[in-house]
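Heads up, the thing below is written out as structure tokens.
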Amino acid sequence: DITGLDAFRKSLGDEGQRRAVKLSPVAFIVKAAAAALQAHPVFNCSLIDDGSRYVQKEYYHVGLAVDTPRGLLVPVIRDVDKKSIWQLAREIMELAEKAKEGTLMPADMCGGCFTVSSLGVLGGQGFTPIVNTPEVGILGVAKAQMKPHWDGTAFQPRLFMPLSLSYDHRLINGADGGHFMQ
């Protein structure tokens, strides 16, 4: 339920215009993913070799899947935990533009700890994203939709954003995934 988040995001519209930054829900999702990685470090690992060993990362670099004319590219936003929502929004815009223009460098797509894949404007009720190896988890974000929600007395309109989490069971179990999503 992102009703409150969306209202807050929209309340920042004038500031976004002054900063020349579009504040999309993705910036908040990327920031939340970094917080979840901090709280659940098993997701902030990379598998190496045949998957029998892993590396625990001490930084929070989040990849963002971008649909381009040349296929899906995943530029990496570095040190997400240390950046403001405004910094993240600007960097997301810049990296997405570079991906679409074909000007990303290999270094722009390396070193991710976790990936966010957003269908956003494409719609859909959900999907199963594939883990971007050697990472061990990926969050799929479908299009937010207004739906009725029972509050105990009446149905209220609320904005819901479907999320789906895929992870590598060689390192992460279902309970870990449930805690991460909470």
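Note that this is a predicted model, so its numbers are computed, not measured.
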If you look only at distance, which donor and acceptor atoms sit under 3.5 Å apart when one is on a side chain in residues 71-78 and the other is two or more places apart or in another chain?
from  : atom 1 : to     : atom 2 : distance (Å)
Arg78 : NH1    : Cys110 : O      : 2.9
Arg78 : NH2    : Ala107 : O      : 2.6
Arg78 : NH2    : Cys110 : O      : 2.7

Could you walk me through whether Ser166 and Thr128 pass the side-chain contact (heavy atoms from CB on, under 4.5 Å) check? CA-CA 7 Å; Ser166 296; Thr128 305; 3.7 Å; yes

Name all pairs fulfilling the ring-ring contact (aromatic ring centres under 6.0 Å, His included) condition that reach into residues 96-119, sequence neighbours left out, sorted by first residue then second. Phe114-Phe180

Drop me the distance from Asn132's CG to Asp168's CG, to the nearest 0.5 angstrom. 12.0 Å

Got a second to check how far Glu91's CD is from Lys98's NZ, nearest 0.5 Å? 9.5 Å

Tell me if a side-chain donor or acceptor on Arg70 pairs with a main-chain N or O of Ala99 at a distance below 3.5 Å. yes

How would you list all residue pairs meeting salt bridge (charged side-chain N to carboxylate O under 4.0 Å, His left out) that involve residues 43-67, not counting sequence neighbours? Asp49-Arg53

Any side-chain donor-acceptor pair under 3.5 Å between Ser46 and Glu135? no

Ile172 and Gly177 have their tightest heavy-atom pair at CG2-N, 4.2 Å

Please name the pair of heavy atoms, one in Ser117 and one in Ile138, separated by the smallest distance, quoted to 0.1 Å. CB-CD1, 4.1 Å

When rounded to the nearest 0.5 Å, the distance separating CG of Leu88 from CG of Asp79 is 10.5 Å

So, taking the atom named CD in Gln125 and the one named NZ in Lys143, what distance separates them when rounded to the nearest 0.5 Å? 10.5 Å

When hydrophobic residues are tied together by side-chain contacts of less than 4.5 Å, even through go-betweens, does Leu163 share a cluster with Leu119? no

Common cluster, Trp86/Phe8, ILVMFWY with side-chain heavy-atom separation under 4.5 Å: yes

Arg19 and Glu15 ion-paired at < 4.0 Å: yes

In this structure, are over 12 heavy atoms from other groups packed under 6.0 Å from Tyr54 atom OH? no

Shortest non-hydrogen contact from Ala33 to Val116? CB-CG2, 4.3 Å

Work out which heavy atom in Val80 is nearest to a heavy atom in Lys31; give both atom names and the distance. O-NZ, 3.2 Å

Answer with yes or no whether the hydrophobic clustering places Leu23 together with Val66; edges join I, L, V, M, F, W, Y residues whose side-chain heavy atoms lie under 4.5 Å apart. no

For the residue pair His179 and His40, does the interplanar ring angle fall in the parallel (under 30°), tilted (30 to 60°) or perpendicular (over 60°) class? parallel

Quick one: does Pro157's side chain get under 4.5 Å of Pro148's, heavy atoms only? no

Flag side-chain contact, heavy atom, 4.5 Å: Val136 against Leu47: yes

Are Leu171 and Cys45 packed together at the side-chain level, in the sense that at least one heavy-atom pair is separated by less than 4.5 angstrom? yes

For Ile2 and Met161, which heavy atoms make the closest approach, and how far apart are they? CD1-CE, 3.6 Å

Under the criterion side-chain contact (heavy atoms from CB on, under 4.5 Å), I'd like the reasoning laid out for Thr115 against Leu64: C-alpha separation, chi angles, the key distance, then a yes or no. CA-CA 6 Å; Thr115 296; Leu64 184 62; over 6 Å; no

Taking all non-hydrogen atoms of both residues, which atom of Tyr60 and which atom of Leu37 are closest, and how far apart? CD2-CB, 3.7 Å

Value rounded to 0.5 Å, distance of CG in Asp176 from CE in Met181: 13.5 Å

Are Tyr59 and Phe43 connected in a single hydrophobic cluster, I mean Ile/Leu/Val/Met/Phe/Trp/Tyr linked by side-chain heavy atoms less than 4.5 Å apart? no

Salt-bridge present (Arg18, Asp14; N to O < 4.0 Å): no

Measure the NE2-CG distance between His149 and Asp151 for me, rounded to the nearest 0.5 Å. 7.0 Å

Could you check whether any side-chain N or O of Gln56 sits under 3.5 Å from a backbone N or O of Val42, counting only pairs where one atom can act as donor and the other as acceptor? no

Count the heavy atoms belonging to other residues, nucleotides or ligands that lie under 6.0 Å from CD of Gln182, then report whether that count exceeds 12. no

Do Val141 and Leu159 sit in one hydrophobic cluster, given that two such residues count as connected whenever their side-chain heavy atoms are within less than 4.5 Å of each other, even indirectly? yes

